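Comments concern the structure below.
Position 1 is the first residue of the sequence; numbering continues from there. Whatever order the structure lists them in is the order used to number ligands and atoms, beginning at 1. What you see is a predicted model, and the numbers here were worked out from it, not measured in a lab.
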Amino acid sequence: MVEARNSIHGQWSSRWAFVLAATGSAVGLGNIWKFPYITGENGGGAFVLVYLLCIAVVGVPVMMSEIMLGRRGRQSPINTMRTLAREEGRSGGWQILGFSGVLAGFLILSFYSVIAGWALSYVVSAVGGTFTAITAERSGEIFGELVSNPGVQLFWHTLFMGITMFVVARGVREGLERAVRLLMPALFVLLLVLVGYAMNSGGFMQGVHFLFDADFSKITTDGVLIALGHAFFTLSLGMGAIMIYGSYLPENVSITQATFTVAIADTVVALLAGMAIFPIVFANSLEPGAGPGLIFQTLPVAFGAMPGGLFFGTLFFILLVFAAWSSAISIIEPVVAWLVESRGMSRKRASIVSGLITWLLGIATVLSFNLWSELKLFDKTIFDLLDYLTTNIMLPLGGLMIALFAGWAMKNSHSMGELGLKRSGYKIWQILVRYVTPVAILVVFLNKIELI
Ligand code: TRP
């Protein structure tokens with residue numbers, strides 16, 4: 001019998017608090033900014049279908065596993081993997097999962113913060129009335145002015161990193177929990193308002209067809225890899241973020257239930273965002289494949305035209321910032337917890353150190369949209385490269401390791417006890433993490449490598 005461990009960083013106050021925090025982590029720019037633009041770039045329906053499949057057969061079982069490892073280890077991912085590997089009589093090499101997660105955390109947050117900075121700057125534009133009766137063309141110009149200006153982006157990036165590290169420094173209950181309570185439901189309601197507007201925009205059916213008619217001739221191998229990577233990104237999987245949240249989870253909470261709640265909420269938000277955005281794209285003859293600027297070019301047009309648009313527009317971008325904020329916190333939490341545990345830093349110091357490193361790295365993303373926009377490797381800018389490397393390569397590899405450890409390296413009696421599933425449910429989970437997830441990830445990877 002293993003002694004129950006406790007996390008030195010604290011614990012969630014309840015099951016509900018965990019579900020909110022994990023949902024806060026999952027729902028973010030990935031759903032509202034990224035999902036629409038990668039769907040647009042990859043041709044719509046078929047991509048969406050592959051993405052949904054990845055969520056169901058890879059995302060859900062990996063999320064259950066990641067939470068389980070966290071709750072059992074009760075430490076930062078690096079130390080959790082060390083403890084659990086030892087406990088199962090396995091090699092200390094499994095710690096690499098934790099280390100790659102730390103690296104991924106720095107890299108992901110570095111660009112995430114820059115995009116969140118765009119959202120911050122849009123709050124100010126919205127409240128100032130910039131979007132009132134705006135044309136699609138003018139909206140595109142405004143976005144262009146923002147990304148071509150390094151100084152302005154640097155300012156917002158700095159502000160966003162500042163507020164993120166402020167909350168992280170305050171710790172689990174004080175900081176993380178309080179930030180998500182109200183904001184998630186509010187964001188949800190506002191998305192419904194936007195979908196309501198989109199229904200009357202003239203492009204609604206075209207948008208719905210684009211999202212849900214699966215034409216498989218439009219999807220490429222790369223598209224499949226992007227869908228898989230995004231399943232990890234949007235559920236915050238594969239780098240220890242959900243693992244560390246799991247390590248603050250009380251013992252008596254059902255991991256399966258919590259996972260389903262989070263995965264469903266996350267998927268619904270992404271689909272709502274798609275249904276809000278694509279009708280506007282088509283009604284205004286915009287380009288679905290416009291790239292990272294897609295929501296920033298389309299949504300102002302909707303707010304500019306709708307009654308009460310100033311209010312709704314301002315509120316929307318505020319909530320988007322909050323969604324990004326509650327996600328950003330989780331991206332850096334594994335790093336901070338590790339610095340506290342293993343480097344003997346105070347939480348505050350660890351937050352400052354990791355925040356500064358991330359902030360510095362973020363400057364590369366800022367510049368990749370302007371001064372360094374011609375600097376390309378494999379035909380990708382620095383931002384594209386960072387995103388591709390972390391989302392499509394590091395996260396699926398991390399997920400693969402999580403699945404293999406939970407499915408093969410851990411004793412059945414251990415995983416069964418943690419998951420608290422009945423025999424049939426446990427069997428399904430086991431087949432998914434042992435075979436389906438690893439095979440899916442490897443097949444997608446090998447296909448990709450063949451093409452290079
Ligand atoms: N899931 C978040 C989003 O969709 C981003 C995020 C938070 C994340 N934590 C993560 C992505 C950990 C990858 C890994 O916006």
Q.
Is it the case that the side chains of Asn149 and Asn370 hold a donor-acceptor pair, with the cut-off being a distance below 3.5 Å and no angle test?
A. no
Q. At what distance is the nearest protein heavy atom to atom 9 (N) of ligand 1, and which residue and atom is it?
A. Ser330 OG, 3.0 Å
Q. Are Phe111 and Phe383 near enough that their ring centres are under 6.0 Å apart?
A. yes
Q) Could an N or O of ligand 1 be found under 3.5 Å from any N or O of Phe233, whether backbone or side chain? A) yes
Q: Answer with yes or no whether the side chains of Ser236 and Ser25 bring together a donor and an acceptor at under 3.5 Å.
A: yes
Q) For atom 15 (O) of ligand 1, which protein heavy atom lies nearest, and how many Å away is it? A) Tyr112 OH, 2.5 Å
Q) Of all the non-hydrogen atoms in the protein, which one sits nearest to atom 2 (C) of ligand 1, and at what distance? A) Ser25 O, 3.1 Å
Q. Which ligand 1 atoms does Ile331 reach within 4.0 Å, using its non-hydrogen atoms?
A. 6 (C), 7 (C), 8 (C), 9 (N), 10 (C)
**Q.** Under 3.5 Å side-chain donor-acceptor pair for Trp359 and Thr158
**A.** yes
Q. Backbone or side chain, does any N or O of Ile108 fall under 3.5 Å from an N or O of ligand 1?
A. no
Q. Which ligand 1 atoms are under 4.0 Å away from a heavy-atom of Leu29?
A. 15 (O)
Please report, to 0.1 Å, the donor-acceptor pairs under 3.5 Å made by any side chain of residues 37-52, with sequence neighbours excluded.
from: Thr39; atom 1: OG1; to: Phe35; atom 2: O; distance (Å): 2.7
from: Asn42; atom 1: ND2; to: Ile38; atom 2: O; distance (Å): 2.9

Q. Tell me: protein heavy atom nearest atom 14 (C) of ligand 1, and distance?
A. Met239 CG, 3.4 Å
Q: Write out all pairs satisfying ring-ring contact (aromatic ring centres under 6.0 Å, His included) with one or both partners inside residues 386-406, taking only residues at least two apart or from two chains.
A: Trp94-Phe405
Q. What do you reckon, does Gly30 have a nitrogen or oxygen under 3.5 Å from a nitrogen or oxygen of ligand 1?
A. yes
Q. How about Thr83 and Gln75: does a side-chain donor come under 3.5 Å of a side-chain acceptor?
A. yes
Q.
Below the 3.5 angstrom mark, is there an N/O of Ala26, backbone or side chain, next to an N/O of ligand 1?
A. yes
Q: Would you check whether Ile242 reaches within less than 4.0 Å of ligand 1, judged by its heavy atoms?
A: no
Q.
Suppose we measure from atom 7 (C) of ligand 1 to each protein heavy atom; which comes out shortest, and what is that distance?
A. Ser236 OG, 3.2 Å
Q) What atoms in ligand 1 come closer than 4.0 Å to a heavy atom of Leu395? A) 13 (C)
**Q.** Side-chain donor-acceptor contact under 3.5 Å, Glu87 with His414
**A.** no
Q. Quick check, are the ring centers of Tyr248 and Phe18 under 6.0 angstrom apart?
A. no
